[in-house]
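The structure under discussion appears below in the form of structure tokens.
Note that the numbering runs from 1 along the sequence shown for the chain. The model shown is predicted, which means the values in this text are computed figures rather than measured ones.
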Amino acid sequence: MKPHEENVGYLEIDYKPGLPKDLSRGIGIVGAGEIVVQAHLPAYRMAGFRVVGIYDTDRDKAESAVRNDHDTIVFSTLEELFQHPEVQIVDIAVPARFQPDIAKQAARHGKHILCQKPLAESYKEAQDLVDVCAASGIKAAINQQMRWSPGIQASRSIVKRGWIGEPLQASIQVNVHTPWENWPWLTQIDTLEIMYHSIHYLDSARYVLGLRPEYVYADGARFPGQPYRGETRTMIHLKFPGEARGLIHDNHNNGMPQDDWYATFRFEGTEGVVKGTNGALYNYPSGRGDTLALYSNKLQRGCIYAPQLEGRWFPHAFMGTMGELMRAIEEDRQPENSIEDNLITLQTVFAAYRSMAENRPVYLQEIREQA
């Protein structure tokens with residue numbers, strides 16, 4: 001036992017993905033890429049969700065993705081998936097440039113939808129999709145699944161209970177090597193790191209603190225000689241209301257052995273701190289479990305509480321995003337990860353890119369007003 005570490009196992013932290021009462025609601029998946037094979041499908045099997053079928057423009061990929069799921073239909077066309085009477089939710093897992101059109105089609109067919117992040121390649125496209133979904137009367141959510149990773153969801157629970165007092169600081173730091181070539185289409189885009197990686201951290205920081213950023217000041221850079229077009233190193237400052245601040249520092253070019261890699265988060269308040277590691281990025285792609293430690297003057301002065309967390313970001317957190325959508329359908333409410341809520345995260349992303357281009361703080365209101 002470390003100094004000042006005591007047994008406070010009586011604390012109950014709510015961090016596991018919530019599941020709906022009805023697990024039989026049919027899911028149709030659009031896309032059969034690596035994320036579907038490695039995360040969506042394994043998570044849905046663990047949760048007991050029912051995948052009716054899958055569609056991909058490359059039928060061989062779709063068949064390969066579900067080759068062990070003998071009851072799963074491989075659809076020949078998108079329309080066939082939309083028309084299937086047992087498909088109530090469409091899980092879209094395609095690049096952002098294709099997503100809005102597919103999502104609008106699904107909404108017009110009366111299907112609830114789970115979209116990937118980023119929701120769209122421009123804020124106007126995202127806002128247009130939100131408007132279409134609202135007019136269609138369906139539930140639409142975004143797969144910002146880091147919210148349901150064990151460490152982040154536990155931190156959210158701790159902050160909501162007031163155990164660290166008034167939230168003042170969010171710090172997320174990542175220094176790893178990411179093989180972007182595993183996703184060839186990502187290597188050719190100008191908006192790489194923030195749009196497709198740090199979007200998770202921007203979303204998680206505001207989610208845990210329960211605050212909406214006011215402005216963003218960001219800088220991004222490439223690594224000399226990198227074969228990728230977009231930024232692979234970023235530093236992002238977030239100004240929240242009052243005295244709360246956020247800092248995200250991300251480097252994907254760590255050439256040292258993996259024991260030098262790190263992926264940490266830390267949320268500080270007036271009465272304590274909750275901190276930990278994002279295990280998915282250690283020993284990538286194998287990963288390991290998240291860690292968490294809590295110090296709170298409100299609970300027991302001098303006591304560090306470090307519970308053993310179950311589950312991982314990949315694939316367990318994917319039960320959370322789909323599970324929350326299903327629960328929202330059951331309870332006839334908006335999901336916590338609704339596409340309306342995700343507009344705030346997208347405002348932060350696009351504000352970060354404008355800040356990089358113009359070398360100044362960019363208020364989220366500027367992004368909203370120019371949609």
Side-chain angles (χ1 to χ4, degrees), residues 117-119 123 126 142 144-149 151-156 158-160 164-175 191-221 230-252 262-270 272-278 281 313 336-338 340-371:
K117 56 81 199 150
L119 186 57
Y123 188 74
I142 189 80
Q144 291 276 184
Q145 76 291 133
M146 190 182 182
R147 291 186 176 195
W148 278 270
S149 63
I152 295 299
Q153 189 65 214
S155 297
R156 164 75 165 176
I158 286 167
V159 172
K160 284 181 68 177
I164 67 167
E166 178 186 348
L168 292 178
Q169 179 77 24
S171 303
I172 299 177
Q173 299 193 64
V174 174
N175 200 319
T191 52
L192 176 56
E193 202 285 319
I194 298 176
M195 182 75 85
Y196 287 93
H197 190 84
S198 279
I199 187 173
H200 283 297
Y201 309 140
L202 292 168
D203 185 75
S204 294
R206 75 175 190 87
Y207 176 67
V208 172
L209 296 187
L211 300 171
R212 181 193 296 246
E214 293 181 350
Y215 69 68
V216 180
Y217 200 163
D219 189 21
E231 78 285 356
T232 56
R233 301 158 53 218
T234 56
M235 299 187 75
I236 308 170
H237 170 78
L238 299 170
K239 164 68 168 65
F240 293 99
E243 300 301 323
R245 303 291 185 270
L247 176 65
I248 295 169
H249 175 207
D250 218 335
N251 172 41
H252 294 265
Y262 58 85
T264 64
F265 58 85
R266 182 182 178 96
F267 303 101
E268 301 176 48
T270 54
V273 59
V274 55
K275 61 181 182 177
T277 60
N278 176 5
L281 299 186
W313 184 357
E336 282 196 358
N337 54 332
S338 71
E340 290 92 342
D341 174 80
N342 193 249
L343 286 178
I344 303 171
T345 294
L346 284 179
Q347 290 163 16
T348 310
V349 168
F350 289 114
Y353 280 114
R354 184 174 297 179
S355 176
M356 288 165 55
E358 301 178 7
N359 189 28
R360 66 175 178 90
V362 175
Y363 283 81
L364 271 61
Q365 183 177 351
E366 297 179 49
I367 306 300
R368 294 194 299 272
E369 290 176 347
Q370 295 184 16

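With sequence neighbours left out, the salt bridge (Lys or Arg N to Asp or Glu O under 4.0 Å) criterion links K160 to no other residue. For R368, the side-chain contact (heavy atoms from CB on, under 4.5 Å) partners are Y123, R212, Q347, L364, Q365, not counting sequence neighbours. Residues satisfying the salt bridge (Lys or Arg N to Asp or Glu O under 4.0 Å) criterion with E358, sequence neighbours excluded, are R360. Evaluation of the side chain to side chain donor-acceptor pair (under 3.5 Å) rule for R354 yields Q370 as partners, not counting sequence neighbours. With sequence neighbours excluded, no residue forms a ring-ring contact (aromatic ring centres under 6.0 Å, His included) with W148. Evaluation of the ring-ring contact (aromatic ring centres under 6.0 Å, His included) rule for Y353 yields no partner, not counting sequence neighbours. Partners of F350 by ring-ring contact (aromatic ring centres under 6.0 Å, His included), not counting sequence neighbours: none found. Every salt bridge (Lys or Arg N to Asp or Glu O under 4.0 Å) that E268 has, sequence neighbours left out, goes to R266. Among residues two or more places apart in sequence or in another chain, the side-chain contact (heavy atoms from CB on, under 4.5 Å) test is passed with N175 by N251, N254, Y262. Not counting sequence neighbours, the partners of Y363 by the side-chain contact (heavy atoms from CB on, under 4.5 Å) test are Y215, E366. Residues that satisfy the side-chain contact (heavy atoms from CB on, under 4.5 Å) test with A170, not counting sequence neighbours, are A205, L209, F267.
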Would you be so kind as to tabulate the donor-acceptor pairs closer than 3.5 Å made by side chains of residues 239-250, with sequence neighbours excluded?
unit_1, atom_1, unit_2, atom_2, d
K239, NZ, E214, OE1, 2.8
R245, NH1, G242, O, 2.9
D250, OD1, H252, NE2, 3.3
D250, OD2, S198, OG, 2.9

